[in-house]
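Worksheet: one structure, shown below.
When a residue number appears, it is its place in the shown sequence, counting from 1.
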Amino acid sequence: MKRIILPIIACLALSACHTPTGGTDYTRYVNPFIGTGGHGHTFPGAVVPHGMIQPSPDTRIDGWDACSGYHYSDSLINGFTQSHLSGTGCADYGDFLLMPTVGNQVIDNQIDTLQNRPFASGFSHEDEIAVPGYYSAFLKRYGIKAEITSTERAAIYRFTYPKSDNAGLILDMDYSIQNQTNLDMKIEVLGDSAIRAYKMTKYWAFDQQLSMYAKFSKPFACNVITDTIIDSKGEKYERCKALLKFPEMSDGEQLFVKVGISAVDWNGAEKNLLSEIPDWDFEKVKDKAHDKWNKYLSTIDITSDDADDKTIFYTAMYHAAISPNLFMDVDGRYLGMDRKVHQGDVSKPVYTVFSLWDTHRALHPLLTIIDPKLNNDFINSLLLKYDEGGLLPMWELAGNYTATMTGYHAVSLMADAVTKGIEDFDITKAYNSGCRSAICDTTGIVTPELVKLALMPKSKEYKNTLGYIPWDKEHESVAKGLEYAYNDWCISLLANAAGDSVGAKEYQNKGLAYKQYFDPVTRFMRGKDENGKWHEPFNPRSSNHREDDYCEGTAWQWTWFVPHDVDGLINLMGGRKQFTEKLDSLFTADSALEGELVSADISGLIGQYAHGNEPSHHILHLYNYAGEPWKTQELVDKVLKEQYRNDIDGLSGNEDCGQMSAWYILNSLGFYQVCPGKPIYSIGRPWFPHATVNLPGSGKIEIDVKNFSKKNKYIKSVKLNGKELDKPFFNHSDIKDGAVFEYEMTAMPKKN
């Protein structure tokens, strides 16, 4: 595996040029290239925390590893687009491609090339720099140095040209990641120094619309191309591009391009740009972006002599703050789930990109500690989307229901906030919205019919009538059933908070539906048909991606998804001894996978445990519930050591909008929340000799580790606020206002 030596050195050199406002410059520990190789699906572009705009280089168009538009193994850059997804397993975005040029602007025959436009340029990673809020690359074909920095809603590019009397720039509107269906494209040239544009695509998001306003520091002549060409398959392809030409450039002359975006309209894009980048001071914008990142990263201060460990940790912090993304303009307008423009309140921001199947597990629990206000803002955005669209989102993108993945995990976020006593939202509405998600009813949902059917699968009807989901009626029946049981249990917590004791009892009972899927003979969660017969033949290593009884996993991984009732699962297994024996076998089983189409998401295998995908993320901590905490410590140590690296392929699976990173952050601090909704943390293995979590206000969580070393992976004792713990658990109330942990480590497991 190639190490990223040169870019990291460049990053350190660049950050050293800027003096932080005070204290440590945490940004110098971030390596945005982590996850840009392998299947991490991250991008290295210049963003600010939770920003609306994500300007970044695009190096490929097609394939699973094009989800973010960038892959480290590529050698050509197509240009720079303004919207990207971080670490997802599906693609979208890649809007408004900009490419500076010198010489003839070649645009023909592009659609017959799988990965690159004909105007793409070679580049070298040796000339590439990425730090939080800044990106730079040298475009060899044109001899142009490209630099980007950004604010929340706007970006500024600095292109340094060689001497040329044929300098230009291409705005490619019909470009998109994975060749999305372009429903509408418009370009309007405003004099000789500005362009505005509008685009609507249909892909993962059925109605993904975005407007752009771009201002140029030099006057241009512009030729707009709007035509239809025929590709090699004989199919029509609509083109929409602007070809700009500039007056003669002297050697080293710089062209600045400012870009604002808006999901509302191009007037909103212009307002966003002029409000956030009123002048041409690139360095000022870059410094402000740096300071925003440094302030956020300083939330957690770790001590370590291992440079790679510090880079892995702060890059995880970085990735955990890219999404959800701001979705409201500076004037408070935003595009609602009803596809209408609404006037909102800028003090109550609206967000998008909610990968809830992933992020409910660790990202949102992390936020309940370090930024509960932001977490409440996210929850209020989800409730607003419920008001406008008629249903809580499963996976929301650009104001669209995508109906991707399973479950209705928005209820997990709300239940977790309620049980931690940090909620700042309408509890009655939260409860009602949860109940709406738990039934099969498509009425009143503002989305295309096909999306409605995916949002409201018949599986919800079966779980409410039969009490389980028959495998012969619905794909992913076991995964859906287990997730619905957990989600319904979360709704019971909301019912209690809303004062509905009858509803609480009803949903508490529905939370026990996981027992329907447990086969006491094989001791796996299995599918059964409408008549109650187990699905045969049965192979716990079998996977047929999205068309079997599980979701991106096997029976080995999904059998353990009962986070809300681990004691109940232990009883089903026959008691602690049998439970731990079964759990042991998960980590020692043959890692081979079988099936017609094995899910690529099943990765990061230790036996049949798959850390590269989310259903496994809580499993390591189940040993604590079974009375063998040293095994949790041992396995957390193994995952921290082996599956997170300071490398382009440094993640064992998709980053998934911060979930993979949030798991690392919490576990490296020494604890993890197995069940969002139960305000209890399970102790693992602290990865640093000292850490300080700076809570909102003046509180701090101090973590001190005695006898620390990488060899001493077992815990001898833990004191919390001076009191020694006799169990490997503590409550959120113990830390919400500040706490002091004192760990003592040892090389030998403590088994009593």
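Side chain to side chain, S412 and H360 fail the donor-acceptor criterion of an N or O pair below 3.5 Å. When only modelled atom types and interatomic distance are considered, Y135 and E128 share a side-chain donor-acceptor pair under 3.5 Å. Under 3.5 Å, the side chains of Y29 and K310 contain a donor-acceptor pair of N or O atoms. A side-chain N or O of T201 and one of Q208 form a donor-acceptor pair less than 3.5 Å apart. There is no side-chain donor-acceptor pair under 3.5 Å between H39 and N654.
Judged by distance alone, with hydrogens and angles left aside, the side-chain atoms of Q178 form no donor-acceptor pair with the main-chain N or O of D92 at under 3.5 Å. Side-chain atoms of N400 never come within 3.5 Å of backbone atoms of T402 as a donor-acceptor pair (strictly under, hydrogens ignored). Checked by atom type and distance alone, the side chain of W64 pairs as donor or acceptor with a backbone atom of G89 at under 3.5 Å. N667 contributes a side-chain N or O that, together with a main-chain N or O of W663, makes up a donor-acceptor pair within less than 3.5 Å. Listed for the S83 side chain is a donor-acceptor partner under 3.5 Å among the backbone atoms of G94. Listed for the S599 side chain is no donor-acceptor partner under 3.5 Å among the backbone atoms of G553. Judged by distance alone, with hydrogens and angles left aside, the side-chain atoms of N182 form a donor-acceptor pair with the main-chain N or O of D174 at under 3.5 Å. Looking only at distances, a side-chain donor or acceptor of Q673 sits under 3.5 Å from a matching main-chain atom of C675. One N or O on the side chain of T632 and one on the backbone of L620 form a donor-acceptor pair closer than 3.5 Å. No donor-acceptor pair under 3.5 Å is formed between the side chain of S652 and the backbone N or O of S603.
A salt bridge links R117 with D172: at least one charged nitrogen is closer than 4.0 Å to a carboxylate oxygen. We find that K631 and D584 are joined by a salt bridge, their nearest charged nitrogen and carboxylate oxygen being less than 4.0 Å apart.
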Starting from the C-alpha separation in whole Å, work towards a yes-or-no answer on side chain to side chain contact (heavy atoms under 4.5 Å, CB included) for V259 and F96. CA-CA 10 Å; V259 178; F96 307 120; 5.9 Å; no
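A ring-centre distance under 6.0 Å is not found for Y134 and H290. Aromatic ring centres of H41 and F43 lie farther apart than the 6.0 Å criterion allows.
The aromatic rings of Y26 and Y314 sit tilted relative to each other, their planes meeting at an angle between 30° and 60°.
Of the options Y644, F587, Y664, a ring pair (Phe, Tyr, Trp, His ring centres under 6.0 Å) to H611 is made by Y644 and by none of the others. Residue T406 is tested with E483, E552, H475, R546 for a side-chain hydrogen bond (donor to acceptor under 3.5 Å, both in side chains); the sole match is E483. Of the candidates D309, D306, D308, N646 forms a side-chain hydrogen bond (donor to acceptor under 3.5 Å, both in side chains) with just one, namely D308.
Nearest heavy atom pair, residue I302 against residue A691, reads CG2-CB, 4.1 Å. In terms of heavy atoms, A454 sits closest to A403 at CB-CB, 3.4 Å. Scanning both residues, S355 and W395, for their nearest heavy atoms gives OG-NE1, 3.1 Å. Across every non-hydrogen atom of I602 and S543, the tightest pair is CD1-OG, 3.7 Å. L363 approaches Q659 most closely through the heavy-atom pair N-OE1, 3.4 Å. When all heavy atoms are compared, the tightest approach of E147 to S136 is CG-OG, 3.7 Å.
Atom CG of D305 is surrounded by 12 or fewer heavy atoms from other residues, nucleotides or ligands within 6.0 Å.
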Can you give the donor-acceptor pairs under 3.5 Å from side chains of residues 55-63 to other protein atoms, not counting sequence neighbours?
residue, atom, partner, partner atom, Å
S56, OG, G45, N, 3.1
D58, OD1, T81, OG1, 2.8
D58, OD1, H84, NE2, 2.7
D58, OD2, T81, OG1, 3.3
D58, OD2, Y175, OH, 2.8
T59, OG1, H71, N, 3.0
T59, OG1, D74, OD2, 2.7
R60, NE, D74, OD1, 3.4
R60, NE, D74, OD2, 2.9
R60, NH2, S73, OG, 3.2
R60, NH2, D74, OD1, 2.8

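Atom-to-atom distance recorded for F378:CZ and S323:OG is 8.0 Å, nearest 0.5 angstrom.
Cation-pi contact between K582 and F524: present, with separation from the ring centre below 6.0 Å and deviation from the ring axis of at most 45°. Figure legend: cation-pi geometry between K710 and W687, with NZ or CZ positioned under 6.0 Å from the six-membered ring centre and within 45° of its axis.
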